[in-house]
Structures are given as C-alpha cells and as structure tokens.
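Reading through the structure tokens given below for one structure.
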Protein chains: 2
Amino acid sequence: MEDMSHKSARLDLDELESVFAAMELTNPESAKGRLLTMAAHLFKVRGFDRTTVRDLASAVGIQSGSIFHHFKNKDEILEAVMRDAIVYNTRLMIEGVKASTTLKEQLLGLIRCELESINGVTGEAMNVLVFEWRNLPEEKQRGILELRQYYEDLWLSALESAVEQGMVQGDPFVIRRLLAGSLSWSSTWYRIDGSLSLEHLAEQALLLILH
Amino acid sequence: MEDMSHKSARLDLDELESVFAAMELTNPESAKGRLLTMAAHLFKVRGFDRTTVRDLASAVGIQSGSIFHHFKNKDEILEAVMRDAIVYNTRLMIEGVKASTTLKEQLLGLIRCELESINGVTGEAMNVLVFEWRNLPEEKQRGILELRQYYEDLWLSALESAVEQGMVQGDPFVIRRLLAGSLSWSSTWYRIDGSLSLEHLAEQALLLILH
DNA sequence: TTACAAACCAAGCGCTTGCTTGGTAGGATC
DNA sequence: GATCCTACCAAGCAAGCGCTTGGTTTGTAA
C-alpha cells in the first residue's frame, strides 16, 4: 500500500524535468515525434475513436502495423500526446510565473500561457487533453492527473493571494474552474490569426476575475 | 437555391413551438422517449462512439435491431437528443427573460437557466450537445445550429444592452463566448447535490461579467 | 565483413460494429 | 373476423477495427 497521508502524490521539479527530457511531441526528427504530432492533429479534428490506426499510419507514410513498433497500443498514443502536452506547457507556466513581479502580472501571465497552450503550437495536443479525456483508460487518467496537479497548484496559489489582497472576489477553487472553462473553450471559437489578438483576449479574460 | 440575403435562416417562435410539440426526450410514456433519455445518458457517460446500439438496446430492454424501427440510423438518435435538448431549454430561457424586469435580473436569469440546463434534468442531453458536437454529420450540424441561433440571440441582445449601460465591459460576442465556456464546463466539476448551491454558482458567474 | 538492433512491410486474424432481413404478436378499425 | 399498422424479435451479413505475425530493409559499430 502507498502512503496516503499526503493529499496527493506531488511530483517535484526534478521529476518534471526528467519527464520533459523524454518528450517527443515537438521533435520532428524522430519517427515517434512525427507520429505524436500527427496523432494530436487527427485526434483533435476527428476525435480519438474516429481516428483509426490506419488513418494515422498513412498520414505519416507507414503501414498500420508499424505503429505498434513505437507504441504498445492505441491508448498509449493518446497518453503520450496528453503527457507531452502537459509537461511542455507546465514548464512554460513555471517560467512565466518566475518572470512576473506583481500579482496582477502573474495572473495575466498565467492566462496568457493557458491561452497560448490551447490556441498556439501545442493547441491540438492540449485540445486532445481537454476533450478526449474520457477516452483515456482510468489507470492512465490517474497518472496524467498527477502531472496536472503541479500546474493547477500554480493557479490556486496565485488566486488565493489575489483573494487575500481583495483583487478577486469569491472562492479560488470555483473561480479557477470558471476561468478554466472560459480558456479551454476558446479553442472552439477563437482563431489566432483573426482580428482579435491573443493579448487582447488575455486582457479580456483577466477582466473576468478582477474587481 | 435558397435566398441567402439574410445572414441566417432565423426561425420564429411558431416554428419553435411546432418542434417543441414533437419533442420526446422527456416523455417516459413513449418507447421513443425512453430510448432518447437512455441515449442521452449513455452518450454522456461513455461518449457517442463508445456507445453501441447493442448497449442502448439492452439498456431499454429490446433487441438491437429494433432500434432501427424508431430511428433510421445511429446518427439520427444523436440528432434527436440534441434537438430536443435545445428546444426544451430555449423555451425555459424565453420564459425566464419574459419574467425578469431589470437587466441585471435578466442576466442572472439567463445564467441560472443555462446552469440548470447543463446540470439539471436535461443535463445529460445538454452535455451531449456540447461535447459530442463533432460526431454529428455536418448537414445535421447546420440544422441544430439554426435552432441554437434563437437562444444565442437572447444572450447577445441582453449583453449588448448591458454594455451600452456600462454594466459590462468589452465586446458582447467575446464575453458571451467566455461565459459560455465557464457555464458549459461546469458540468465537468459541479455537483448539483454538493455544498455549493446552483444559485450561488450563478451569482459567482454573474460576478464574472459585471463591473 | 560481419553482427545486431531498430524501423518497417505484407498479410491477415479474430472480433465488434451498424444495420438489414423476414417474420411475429397484439391492439385498433372497418 | 378480416385487414392493417405499430412495435418488436431472431439471425446474421458486410465492413471496419485494433493488433499480431514472420520476415525484410536500413543504419551503426566492431
């Protein structure tokens, strides 16, 4: 049995770094990297279930059976996409928080980071993380949730400070959920090359929580 | 060719009423109604693709082939769930708007209505509408979008008034999208029988847009 | 040159899927 | 009491699915 005296099995920065080192999503040099990028793309536009291993294989120019040289099964591809998406963006968030001096700046930084993660280069993978969650087997969900915790803790501690200082009204947990919905949902309507800049959108989103 | 001089083919209240009369989702008397309720349930918890017609059939106690006496194919079940969910909740919204006197009250009413639609009795069907959208064939998406327009127009006109009066800051369209994300997403974390009442959540959500 | 592993191919197996078919039970209508 | 219609069953087909298998190519390093 595991020690359950802690609320959750937190992972520290070192662990995060080691997982980061194994990330392949953004590496177009390796076959596995290309497979993951294309998987993120197809999983986003068609959904996980409607994407067959034959679709994925022919999209990267190999035979369907060859996929299973790189991944044990289809679920593991989904897991890898999600894991890499989280790890990559958690690193960006940590850097963003470090770089900001005021609390307001920090909140805006977090919002901008999250908007970029879901509408920028890793957008397809993050979309898969958000909208294909149910397709991940439960045991693998737990592992991904653990990775996500680091990320969510950054948000909660920032919001707690903001509430203490009277910048934000309400329960930090509820506010985080409401805001998370707004930001995740942006991928369904926001176009990064449209007339609304991501910076303006981030400021509008910051207005939601500030009082 | 249709007349395309109008931005969208708006449907009026009479049409809405006639579609409403054919709604079966909430009718446990008819076999079709029970089928739709169970479909909404299964589509929500497993997703459309992972719900087989055999699952659905055995859940209502008939043979899998018998489903196709009521629906031409599986897609039409999804469409019917979505259509009934929209029509039912649009009616509630119209009544809510009529009943409110002040603008603030109207906004709170719209928020409460949307929260109830997605977390209350029609919650499973509304969840299917929001999260299984991609699984609906494109031609059917257009029909459902048309139904949704009435509903979205209610929101936009209320927000436009609010911006004019200085109650709300920003572009009504963007604000509506951000808020729609918050409210839709609530189904993933909010429990209607938990410690946070739906009324309190609605007030917290209203705080997001008010300034 | 040989040795070896990683990357991939060609073929197809076993299973599940949406859906079809031909038929039956039971109630309403004339 | 014959006719008809709605709601269903029992059986199964064709297609598509994830994944396996045994073998071949390709790159690397001794």
Side-chain angles (χ1 to χ4, degrees), chain A residues 21-25 27-43 45-82 128 132 134-140, chain B residues 21-25 27-82 128 132 134-141:
Chain A
M23 201 192 70
E24 305 231 38
L25 180 63
N27 176 16
E29 309 278 302
S30 77
K32 210 166 176 174
R34 269 170 285 141
L35 223 35
L36 283 178
T37 309
M38 187 57 75
H41 175 68
L42 292 177
F43 291 171
V45 301
R46 302 188 200 176
F48 177 73
D49 281 315
R50 293 174 115 84
T51 303
T52 69
V53 293
R54 287 170 175 81
D55 290 337
L56 178 55
S58 78
V60 299
I62 59 175
Q63 293 291 103
S64 68
S66 306
I67 288 195
F68 298 94
H69 171 72
H70 299 281
F71 298 95
K72 242 174 59 196
N73 52 47
K74 198 186 167 192
D75 288 340
E76 292 221 332
I77 306 177
L78 181 60
E79 188 189 21
V81 169
M82 291 181 173
V128 170
E132 304 293 330
R134 194 182 30 209
N135 292 313
L136 197 68
E138 263 190 63
E139 6 119 21
K140 302 195 172 180
Chain B
M23 202 193 68
E24 306 230 38
L25 179 62
N27 176 17
E29 308 279 300
S30 77
K32 209 166 175 174
R34 269 170 285 141
L35 222 37
L36 283 177
T37 310
M38 188 55 76
H41 175 69
L42 292 176
F43 290 172
K44 195 219 153 160
V45 301
R46 302 189 201 177
F48 177 73
D49 281 315
R50 293 175 116 86
T51 303
T52 69
V53 293
R54 285 170 177 79
D55 291 337
L56 178 54
S58 79
V60 299
I62 60 176
Q63 293 289 103
S64 68
S66 306
I67 288 195
F68 299 94
H69 172 72
H70 299 281
F71 298 95
K72 244 174 58 198
N73 51 49
K74 198 186 168 193
D75 288 339
E76 292 220 333
I77 307 177
L78 182 60
E79 188 189 19
V81 169
M82 290 183 174
V128 170
E132 304 294 329
R134 199 186 23 212
N135 292 314
L136 197 67
E138 264 190 61
E139 5 118 22
K140 302 195 172 180
Q141 283 189 9

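Note that the coordinates shown come from a computational prediction; the quantities given were computed from them, not determined experimentally.
The CG atom of B/D75 sits 12 Å away from the C1' atom of C/dC19 (whole-angstrom rounding). The distance from atom CG of A/N73 to atom P of D/dC19 is 5 Å, rounded to the nearest whole Å. Note: NZ (B/K32) to P (D/dC8) measures 12 Å, nearest angstrom. A straight line from CZ of B/F48 to C1' of C/dT17 spans 12 Å, rounded to a whole angstrom. Straight-line distance from the CG atom of B/L78 to the P atom of C/dC19: 12 Å, rounded to whole Å. Nucleotide C/dC15 holds its C1' atom 15 Å from the NZ atom of A/K74, rounded to whole Å. Between B/F71 atom CZ and D/dC8 atom P there is a gap of 12 Å when expressed in whole angstrom units. Residue A/L56 contributes atom CG, which lies 10 Å from atom P of D/dG18 at whole-angstrom precision.
With rounding to the nearest 0.5 Å, the separation of CG in B/L35 from CD1 in B/I62 is 5.5 Å. The distance from the CG atom of A/L36 to the CG atom of A/L56 is 9.0 Å, given to the nearest 0.5 Å.
Checking side-chain atoms of A/D75 against main-chain N and O of A/L78 turns up no donor-acceptor pair under 3.5 Å.
Contact annotation: A/S66 reaches the phosphate of C/dC9 (side-chain N/O to OP1 or OP2, under 4.0 Å). The shortest distance between the side-chain N/O atoms of A/H69 and the OP1/OP2 oxygens of C/dC8 is not below 4.0 Å. For the OP1/OP2 pair of D/dC8 and a distance below 4.0 Å, the side-chain nitrogens and oxygens of B/H70 include at least one atom meeting the criterion.
Side-chain atoms of B/F48 and B/K74, non-hydrogen and from C-beta on, do get closer than 4.5 Å to each other.
Residue B/T51 is in sugar-phosphate contact alone, with no base atom involved, counting any heavy-atom pair closer than 4.0 Å across all strands shown.
Of the listed nucleotides (C/dG18, D/dG18, D/dC8), D/dG18 has the atom at the smallest distance from the side chain of A/F68. Checking C/dT20, C/dT17, D/dC19 against the side-chain heavy atoms of B/T52 singles out C/dT17 as nearest. Among C/dC9, D/dC13, D/dC9, the nucleotide with an atom closest to any side-chain atom of A/I62 is C/dC9.
For A/R54 against D/dG16, no side-chain N or O and base N or O form a donor-acceptor pair under 3.5 Å.
Taking for each of A/G65 and B/Q63 the nucleotide of DNA chain D with the nearest heavy atom, the 5'-most of the two is the partner of B/Q63.
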- request: Kindly indicate, with the supporting measurements, whether the criterion salt bridge (charged side-chain N to carboxylate O under 4.0 Å, His left out) is fulfilled by B/E132 and A/R134.
  value: CA-CA 12 Å; B/E132 304 294 329; A/R134 194 182 30 209; 2.6 Å; yes

